[in-house]
Amino acid sequence: MNALKVKNVNGADGPECRCGSWLDHWLKHSGQPLPRYCSEVSCYLRPEAGAPVQRDGGSDDPAWYIIPVCRGHGARRGESFRIHDSIKLVPAEIDETGG
């Protein structure tokens, strides 16, 4: 299984979303249904939040993206973890997604 490494930037200052929540933002702009499990590859809890993350592991992409996660992974500010490669990274910036 391929996996992408991301870093949770929850709690830091960043863009706001007019969709109602980051999870609603991800659902609106990903084109994917809500996954059955958290985006973290070894977590089998239900996704209940949208987490702002950045690509990690040598990427020089400073953009923030939103992914669906369980409450636990959504609260782990600054922590890096691997996500399923089937999960679409949705840009957090409103103008990038037309929101």
Side-chain angles (χ1 to χ4, degrees):
M1 169 193 351
N2 291 329
L4 175 68
K5 190 172 182 183
V6 296
K7 182 176 182 179
N8 189 329
V9 291
N10 186 30
D13 292 322
E16 294 181 5
C17 180
R18 292 182 240 176
C19 297
S21 72
W22 284 124
L23 185 56
D24 289 340
H25 179 88
W26 185 86
L27 286 166
K28 179 179 179 181
H29 300 292
S30 71
Q32 296 181 324
L34 186 64
R36 186 175 196 168
Y37 302 114
C38 177
S39 296
E40 199 277 334
V41 295
S42 63
C43 183
Y44 294 99
L45 296 175
R46 189 174 63 129
E48 298 182 87
V53 298
Q54 290 178 305
R55 293 177 190 264
D56 199 10
S59 174
D60 48 342
D61 179 1
W64 284 29
Y65 299 95
I66 307 301
I67 60 170
V69 294
C70 68
R71 294 261 178 227
H73 282 102
R76 295 182 182 171
R77 180 179 176 199
E79 183 176 306
S80 294
F81 55 91
R82 294 194 178 281
I83 65 169
H84 297 280
D85 61 352
S86 62
I87 298 297
K88 183 172 182 179
L89 295 175
V90 172
E93 293 293 331
I94 302 302
D95 54 348
E96 288 183 35
T97 58

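Counting begins at 1 with the first residue of the sequence. The structure presented is a predicted model; accordingly, all values stated were derived computationally and were not measured.
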Report task. Measure across P35 and P47 and return the closest heavy-atom pair with its distance rounded to 0.1 Å. Result -> O-CG, 3.2 Å
Requested in this report: Measure the OG-CZ distance between S39 and R82 for me, rounded to the nearest 0.5 Å.
Outcome: 14.5 Å
Requested in this report: With rounding to the nearest 0.5 Å, note down the distance linking CZ in R46 to SG in C70.
Outcome: 11.0 Å
Report task. Drop me the distance from R77's CZ to K7's NZ, to the nearest 0.5 angstrom. Result -> 9.5 Å
Query raised in the report: Rounded to the nearest 0.5 Å, how far does CZ of R55 lie from CG of L89?
Result: 5.0 Å
Report task. Compare every heavy atom of P68 with every heavy atom of I87, then report the nearest pair and how far apart it is. Result -> CG2-CD, 4.0 Å
Report task. Look at the aromatic rings of Y37 and Y44 and report parallel, tilted or perpendicular, splitting at 30° and 60°. Result -> perpendicular
Report task. Say whether, by atom type as modelled, one donor and one acceptor occur between the side chain of N8 and the main chain of H73 under 3.5 angstrom. Result -> yes
Requested in this report: Report yes or no: does H25 contribute a side-chain atom to a donor-acceptor pair with the main-chain N or O of P91 at less than 3.5 Å?
Outcome: yes
**Report entry** Separation of I67 CD1 from S30 OG (nearest 0.5 Å)
**Finding:** 12.0 Å
**Report entry** I66 and P52, any side-chain heavy atoms less than 4.5 Å apart
**Finding:** yes
**Report entry** Backbone N/O of S86 and side chain of Q32: donor-acceptor pair under 3.5 Å
**Finding:** yes
Query raised in the report: Is there side-chain contact between V90 and Y65, with at least one heavy-atom pair below 4.5 Å?
Result: no
Query raised in the report: Does the side chain of H29 come within less than 4.5 Å of C19's, by heavy atoms?
Result: yes
Query raised in the report: Which heavy-atom pair separates V6 from D56 by the least distance, and what is that distance?
Result: C-CB, 3.8 Å
Query raised in the report: Given the rule in the side-chain contact (heavy atoms from CB on, under 4.5 Å) test, do Q54 and W64 qualify, once you have shown the distances and angles that lead to the verdict?
Result: CA-CA 5 Å; Q54 290 178 305; W64 284 29; 3.5 Å; yes
Query raised in the report: Do the non-hydrogen side-chain atoms of L34 and L23 ever get within less than 4.5 Å of each other?
Result: yes
Report task. Mind checking the CD-CD spacing from E79 to E40? Nearest 0.5 Å is all I need. Result -> 8.0 Å
Query - K88 backbone acceptor or donor facing W26 side chain under 3.5 Å - result: yes
